[in-house]
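Below is one structure; the comments refer to it alone.
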Amino acid sequence: MSIPTTDRPAAPATPPTPRVPRALVAGATVVNRRAGLEWLRSRHGSVFTVDIPVFGSTVVVADPLLARDVFRAPTDVLESVEQNLGRVLGPNSMFALTGERHRRERKLLAPPFHGRRLRSYADVIEASARAEMATWPTDREFATMPSFMRITLDVIIKAVFGAHGPEFDRLRIVLPRMVELGSMLAVVPLPQLPALGDMSPWGRLRRWRREYDAIVGRLIAAAQAADDLDERDDVLSMMVASRYDDGSPMTRDEIADELLTMLSAGHETTATTLAWAVERISRHPALLDRLVAERAAGESALLEATILEVQRARPVIDVTFRDVVATEVHLGDWTVRRGQSVMVGIGLIHSDPSVWPDPERFDPDRFLGTRPDLTEWIPFGGGARRCIGAAFASMELQVVLQTLLDEVVVVPTSRRGERWRPRGVAYAPARGGRVRVRRRRNA
Ligand code: HEM
């Protein structure tokens, strides 16, 4: 099957392949993917083919309209490729599901991430952020990243898992270890060696998973026994109460896999975005003054614009993939064939001067008084696989940064910006978003 995805007449051609040794391209896209992709775009334009270890022949799309076509393509033409993550998170993870099962799962899981439900998480977020910020040192530079990791972890365990007391304490230990080991095993294809039992990395992952399943089992049993299940706002309770179109409930394994998926997808991505926000804001004193004044006036338009600009200028997930599952697909003038992957260059689109004038300039005023065009601003991806937690993450970013403006005075710095460093699933500021603050109460 073939679909012309733009209205231009199809003149199918294969996207250009760099005339440099394959090993060099592979090295450039793995060792320093951002710089490697920028270099390839400067030579080959906004659509080109590269051979990437694990993914194989991959067509990189860095044109916003063609990226939109990729996101909009039906799932029997382009489908998600996160099979590895699915293997680690469980067979019922949204990352592992495709086609109709994926659609049905998204429909079921969308409500907790919108409207009234979403607002109910704001208090949990503010309390977690305030407690963490109370531990920040005064007048001494420190990395904010570990703090933001703790805040976003606490928020997910409370708002998503609905856990408190001993379950909360245990999940705080088990979940980061499981996710760290799982992310590593998703990328490095280590063999599963049964002879090593629980000593091998896969064995350790299984051990964590057993403990995790036991905790989630207790949380599900508690939710099932609760008289107020319909009024509970945590995502686990809503999963327990929800029904698929055919009236069947989610199984325990389905709930456990999806909760783990939310954590893996939402914890580090939100924390790294917060670290970048602090890194950017502390280097723009005039903006910082305006944000403080805006907060004092009880308004939020500039902070919202700042968050949009942080996500444009520092997208923590810089690429997303689809597999060609139809015989071929036409993207504009190009043909991509079954067996190839398509990589949407989120970072490339966000740094394209023909899309964003002076893209290196950090300028929240780009977004003041206007909503972003979701063809060009794509930190959450797009289409049937667009981040299901986008509204949750946006709200969390705003509440944490408002709390930060309330609690501390950020001391501006003239140091050069931090470099990008790959960390787990996301790109983080290399020095962890270092900043110096003073208590606002004593300021
Ligand atoms: C700033 C924070 C976040 C960023 C930058 C981010 C980014 C992304 C991106 C780029 C994708 C892939 C989209 C695509 O391929 O088109 C994705 C998928 C996903 N995200 Fe997020 N995300 C964030 C926070 C969250 C949160 C808080 C949650 C849940 C609590 C979450 C849950 C998910 C899930 C479940 C998927 C898979 C969706 C599917 O395959 O249908 N994310 N995210």
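Remember, it's 1-based here, ligands and their atoms both numbered in the order they're listed.
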Note to self: Pair Met239, Val235 - check side chain to side chain contact (heavy atoms under 4.5 Å, CB included), show working.
What the structure shows: CA-CA 6 Å; Met239 286 182 182; Val235 178; 3.8 Å; yes
Item checked: Donor-acceptor under 3.5 Å (Arg283 side chain, Arg416 main chain) -> yes
Checklist line | Arg419 CZ: over 12 foreign heavy atoms closer than 6.0 Å | finding: no
Check: Looking at atom 37 (C) of ligand 1, what's its closest protein heavy atom, distance included?
Finding: Phe95 CE2, 3.6 Å
Notebook entry, point to check: Which protein N, O or S atoms does atom 21 (Fe) of ligand 1 have within a distance shorter than 2.8 Å?
Noted result: Cys387 SG
Item checked: Residue of the set Leu66, Thr375, Leu374, Val344 for which side-chain contact (heavy atoms from CB on, under 4.5 Å) holds with Phe71 -> Val344
Item checked: Phe113: numbered ligand 1 atoms lying under 4.0 Å from its heavy atoms -> 30 (C)
Next item on the list: Give yes if a backbone or side-chain nitrogen or oxygen of Thr261 is under 3.5 Å from a nitrogen or oxygen of ligand 1, and no if not.
Entry: no
Check: Taking Arg177 as the fixed residue, which of Leu175, Ile173, Leu181 is the one that meets the side-chain contact (heavy atoms from CB on, under 4.5 Å) rule?
Finding: Ile173
Notebook entry, point to check: Are the aromatic ring centres of Phe48 and Trp39 under 6.0 angstrom apart?
Noted result: no
Notebook entry, point to check: Does Arg312 offer a backbone N or O that forms a donor-acceptor pair with the side chain of His350 under 3.5 Å?
Noted result: yes
Item checked: atom 15 (O) of ligand 1 - nearest protein heavy atom and its distance -> Thr320 OG1, 2.6 Å
Notebook entry, point to check: Any chance CZ of Arg104 has more than 12 other-residue heavy atoms, nucleotides or ligands included, within less than 6.0 Å?
Noted result: yes
Check: How would you list, by chain and number, every residue that makes a side-chain contact (heavy atoms from CB on, under 4.5 Å) with Arg209, sequence neighbours excluded?
Finding: Met178, Tyr212, Asp213, Ala256, Asp257, Leu260
Note to self: How far is atom 7 (C) of ligand 1 from the closest protein heavy atom, and which atom is that?
What the structure shows: Pro379 O, 3.6 Å
Check: Among all protein non-hydrogen atoms, which one is nearest to atom 13 (C) of ligand 1, and what is the separation to 0.1 Å?
Finding: Arg385 O, 3.1 Å
Next item on the list: Output yes when a side-chain donor or acceptor of Tyr427 lies under 3.5 Å from a complementary backbone atom of Thr272, and no otherwise.
Entry: no
Notebook entry, point to check: Between Asp154 and Arg150, does at least one N-O distance fall below 4.0 Å, as a salt bridge requires?
Noted result: no
Note to self: Check whether Trp377 reaches the backbone of Leu308 with its side chain - one donor and one acceptor, N or O, closer than 3.5 Å.
What the structure shows: yes
Margin query: Is the contact between Thr270 and ligand 1 made by the side chain, the backbone, both, or neither, using heavy atoms and a 4.0 Å cut-off?
Written below: both
Notebook entry, point to check: So among Ile52, Val50, Leu348, Val70, which one has a side-chain contact (heavy atoms from CB on, under 4.5 Å) with Met343?
Noted result: Ile52
Notebook entry, point to check: Is the closest N or O pair between Arg322 and ligand 1 shorter than 3.5 Å?
Noted result: yes
Checklist line | Heavy atom of Ser80, distance to ligand 1 below 4.0 Å | finding: no
Margin query: Between ligand 1 and Thr273, is the shortest N or O to N or O distance under 3.5 Å?
Written below: no
Margin query: Distance under 4.0 Å to a non-hydrogen atom of Gly382: what atoms of ligand 1 satisfy this?
Written below: 16 (O)
Item checked: Proximal ligand 1 atoms for Phe71, defined as those under 4.0 Å from one of its heavy atoms -> 16 (O)
Next item on the list: Provide the number and element of each atom of ligand 1 under 4.0 Å from a heavy atom of Arg106.
Entry: 38 (C), 39 (C), 41 (O)
Check: Which part of His102 is near ligand 1, with near meaning a heavy atom under 4.0 Å away: side chain, backbone, both or neither?
Finding: side chain
